[in-house]
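So the structure is just underneath, and the comments pick up after that.
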Amino acid sequence: MTAAPSAPALGELTGFRVGVTAHRRATDFISALERRGAQVVHAPALMISPVTEDTRVIEDTRTLLAHRPEVLVVTTAYGLRRWFEAADAAGLGEELRDAFRAARVLTRGAKARGQVLSLELDDPEVSADERTSSVVDRLLADGVRGTRVAVQLHGLTDELQLERLVAAGARVDTVAPYRWLSADDGERLPALIRDVCERRIDVLTFTAAPAVDSLFSTAQEAGHYDELVEALRTDVTAAAVGPVCAGPLLEAGVEPLVPERFRLGALVRAVCTHAAQERTVVLPTRYGTLRLMSTGTALDGEFVPLSDAQVTVLRALAASPGAVVSRAQLLSAVPGLDTEHALEMVISRLRKALPAPVVETVIKRGYRLSP
């Protein structure tokens with residue numbers, strides 16, 4: 001006798017939809033989410049320009065080398081790596097290494113420090129909170145008047161920090177090893193915005209501040225900016241990889257989820273914790289523990305995918321566990337349902353999908369969840 005196939009293991013994000021706006025390292029990020037069971041909607045808001053198409057980094061490097069910087073500020077590991085790749089290709093690599101060895105080097109975070117060390121350069125100073133503003137705070141405290149300061153930018157120029165250095169008397173050079181370009185094909189980003197506005201996304205993730213700006217700009221052009229921001233303030237959780245990325249969200253009045261460590265792995269873990277603690281309804285029934293997510297339900301660990309209407313009906317019943325919910329109340333709770341017959345069809349299909357008779361009919365009164 002052949003044994004019945006066992007139910008698939010319930011992942012930490014099974015039953016949830018996660019929006020991903022990342023372009024760089026998107027494959028790794030999406031794989032980590034999908035391994036945990038998430039349904040991922042990917043709409044890359046921005047991409048990084050190929051270094052071979054951006055000759056300005058070489059021009060800026062030549063200017064920097066001619067000025068012999070006394071201080072070098074490194075903001076990202078990725079940017080530093082691309083910078084040296086471009087410099088080596090142009091025959092400037094050794095001269096750039098000499099400039100780093102001769103200067104005081106400060107980095108925005110641990111990853112940037114690690115990249116400096118991997119290039120066999122001296123150990124740099126590191127910001128405690130991984131903010132460019134903290135690096136600038138340290139330089140201003142030491143005094144920079146008349147000092148030649150070179151800053152490696154990270155795709156989105158932090159004009160305020162550059163202005164602070166200039167106002168304090170520093171002579172500032174900048175190098176941008178990569179620039180942000182549109183990565184959207186014209187369809188995916190508007191579709192993601194619609195999904196967020198319709199509350200079909202549980203968590204919308206960001207790994208770069210320019211991606212937030214791109215999303216907001218696209219929504220503004222489509223006339224959906226207010227709807228988008230309202231959804232992110234209420235029903236859809238925004239998640240940012242770090243405080244710099246969170247900046248544009250906070251400016252829009254959106255309080256994002258930010259992991260304690262500003263890394264993709266930590267962001268994945270934070271999304272998992274949030275989904276379990278904040279977005280899962282857990283109810284005891286006589287048939288076992290019912291867990292209700294956005295794309296389905298799990299009864300004692302067995303996940304059952306459901307339609308949006310079926311999930312909405314279950315949520316309405318779960319809001320008053322054991323109590324009777326009238327047909328009129330359910331009709332008003334489910335968008336698109338306008339007749340009792342349509343409601344009965346949704347509940348009939350819901351019962352067939354569930355492994356136990358969790359939804360009970362109370363004759364002439366309505367429905368309830370089995371206590």
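Computed from a predicted structure; not experimentally measured. The first residue of the sequence shown is numbered 1, and numbering continues consecutively from there.
With hydrogens and angles disregarded, no donor-acceptor distance shorter than 3.5 Å links the side chain of Thr147 to the backbone of Ala170. Here the side chain of His42 pairs no donor or acceptor atom with the backbone of His23 at under 3.5 angstrom. Judged purely by atom type and a 3.5 angstrom limit, Ser348 has no side-chain atom pairing as donor or acceptor with the backbone of Met345. No donor-acceptor pair under 3.5 Å is formed between the side chain of Thr289 and the backbone N or O of Leu283. With hydrogens and angles ignored, the 3.5 Å screen pairs no side-chain donor or acceptor of Ser214 with any backbone N or O of Pro210. A donor-acceptor contact shorter than 3.5 Å links the side chain of Gln310 to the backbone of Ser307. Using modelled atom types, one side-chain atom of Arg17 and one backbone atom of Arg200 make a donor-acceptor pair closer than 3.5 Å. Checking side-chain atoms of Thr285 against main-chain N and O of Tyr287 turns up a donor-acceptor pair under 3.5 Å. The main-chain N or O of Ala22 is never found under 3.5 Å from a side-chain atom of Thr207 such that the two would form a donor-acceptor pair. Of the possible polar contacts, one joining the Ser332 side chain to the Gln329 backbone as a donor-acceptor pair under 3.5 Å is found.
The minimum heavy-atom distance linking Glu302 with Pro355 is given by the pair OE1-CB, 4.3 Å. When all heavy atoms of Val304 and Ala353 are compared, the pair lying nearest together is CG1-O, 3.4 Å. Of all heavy-atom pairs spanning Pro259 and Val241, the tightest one is CG-O, 3.7 Å. Between Ala323 and Arg368 the shortest heavy-atom distance is O-CB, 3.2 Å. The nearest pair of heavy atoms linking Ala318 to Val281 is CB-CG1, 4.2 Å. Annotation for Ala333 and Ala316: closest pair CB-CB, 4.2 Å, computed over non-hydrogen atoms.
Proximity of Leu192 to Leu204: side-chain heavy atoms (C-beta onward) are separated by under 4.5 Å at one or more points. Counting heavy atoms from C-beta on, the side chains of Leu228 and Leu215 come closer than 4.5 Å. When side chains are defined from C-beta on, Asp173 counts as touching Thr63, because their heavy atoms get closer than 4.5 Å. Between Leu264 and Asp28, every side-chain heavy-atom pair lies at or beyond the 4.5 Å cut-off. Between Leu330 and Leu317, the closest side-chain pair of non-hydrogen atoms falls below 4.5 Å. Side-chain contact check for Leu267 versus Phe29: some heavy-atom pair is nearer than 4.5 Å. Considering only heavy atoms from C-beta on, Gln152 comes within 4.5 Å of Pro177 through its side chain. Side-chain atoms of Leu106 and Val71, non-hydrogen and from C-beta on, do get closer than 4.5 Å to each other.
With rounding to the nearest 0.5 Å, the separation of CZ in Arg194 from CD1 in Ile201 is 12.0 Å. Taking CD of Glu95 as the reference point, atom CG of Leu65 lies at 4.5 Å (rounded to 0.5 Å). Note that CG of Leu13 and OG1 of Thr280 are 9.0 Å apart. Values are rounded to the nearest 0.5 Å. The CD atom of Glu94 lies 7.5 Å from the CG atom of Asp88; values are rounded to the nearest 0.5 Å. Remark: Arg104 CZ to Glu125 CD distance equals 4.0 Å, nearest 0.5 Å. Note: Leu119 CG to Trp83 CH2 = 11.0 Å, rounded to the nearest 0.5 Å.
Of the N and O atoms on the side chains of Thr237 and Arg279, at least one donor lies less than 3.5 Å from an acceptor on the other residue. Inspection of the Thr361 and Arg351 side chains reveals an N or O donor paired with an N or O acceptor under 3.5 Å. For Arg286 and Ser370, the side-chain atoms include at least one donor-acceptor pair closer than 3.5 Å. Side chains of Ser133 and Gln161: no donor on one and acceptor on the other come within 3.5 Å.
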Inset, instruction - Please report the C-alpha distance between Val105 and Leu121 in whole Å, then the side-chain angles of each, then the deciding distance to 0.1 Å, and finally whether the side chain to side chain contact (heavy atoms under 4.5 Å, CB included) criterion is met. - result: CA-CA 10 Å; Val105 180; Leu121 300 172; over 6 Å; no
Legend entry - Check against side chain to side chain contact (heavy atoms under 4.5 Å, CB included), Asp98 and Arg101: CA-CA 5 Å; Asp98 289 341; Arg101 294 187 182 103; 3.4 Å; yes
Inset, instruction - Show your working on salt bridge (Lys or Arg N to Asp or Glu O under 4.0 Å) between Arg113 and Asp123 and close with a plain yes or no. - result: CA-CA 7 Å; Arg113 171 182 176 267; Asp123 198 357; 2.8 Å; yes
Inset, instruction - Could you walk me through whether Gln115 and Phe84 pass side chain to side chain contact (heavy atoms under 4.5 Å, CB included), step by step? - result: CA-CA 11 Å; Gln115 187 62 39; Phe84 270 91; over 6 Å; no
Legend entry - Intermediate values then yes/no, side chain to side chain contact (heavy atoms under 4.5 Å, CB included), Thr132 and Val244: CA-CA 9 Å; Thr132 305; Val244 173; 5.6 Å; no
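Open room surrounds CZ on Arg68; 12 or fewer heavy atoms of other groups in view lie less than 6.0 Å from it. For Arg233, the CZ atom counts as densely surrounded, since its 6.0 Å shell holds more than 12 non-hydrogen atoms of other residues, nucleotides or ligands.
Tyr367 and Leu292 fall within a single hydrophobic cluster, where Ile, Leu, Val, Met, Phe, Trp and Tyr are joined by side-chain heavy atoms under 4.5 Å apart, directly or via other members. By the rule that hydrophobic residues join a cluster once side-chain heavy atoms approach within less than 4.5 Å of another member, Leu299 and Val359 end up as members of one cluster. Hydrophobic clustering of Ile, Leu, Val, Met, Phe, Trp and Tyr side chains at less than 4.5 Å, counting indirect connections, keeps Val282 apart from Phe16. Val116 and Val126 fall into different hydrophobic clusters, defined by Ile, Leu, Val, Met, Phe, Trp and Tyr side-chain heavy atoms under 4.5 Å apart, directly or through other members. Taking hydrophobic clusters as Ile, Leu, Val, Met, Phe, Trp and Tyr residues chained together by side-chain heavy-atom distances below 4.5 Å, Leu249 shares a cluster with Leu189.
Aromatic ring orientation, Phe216 versus Tyr225: perpendicular (interplanar angle above 60°, classes split at 30° and 60°).
Summarising the hydrophobic clusters (Ile, Leu, Val, Met, Phe, Trp, Tyr; side-chain heavy atoms under 4.5 Å, direct or chained), the residues clustered with Val324 are Val362.
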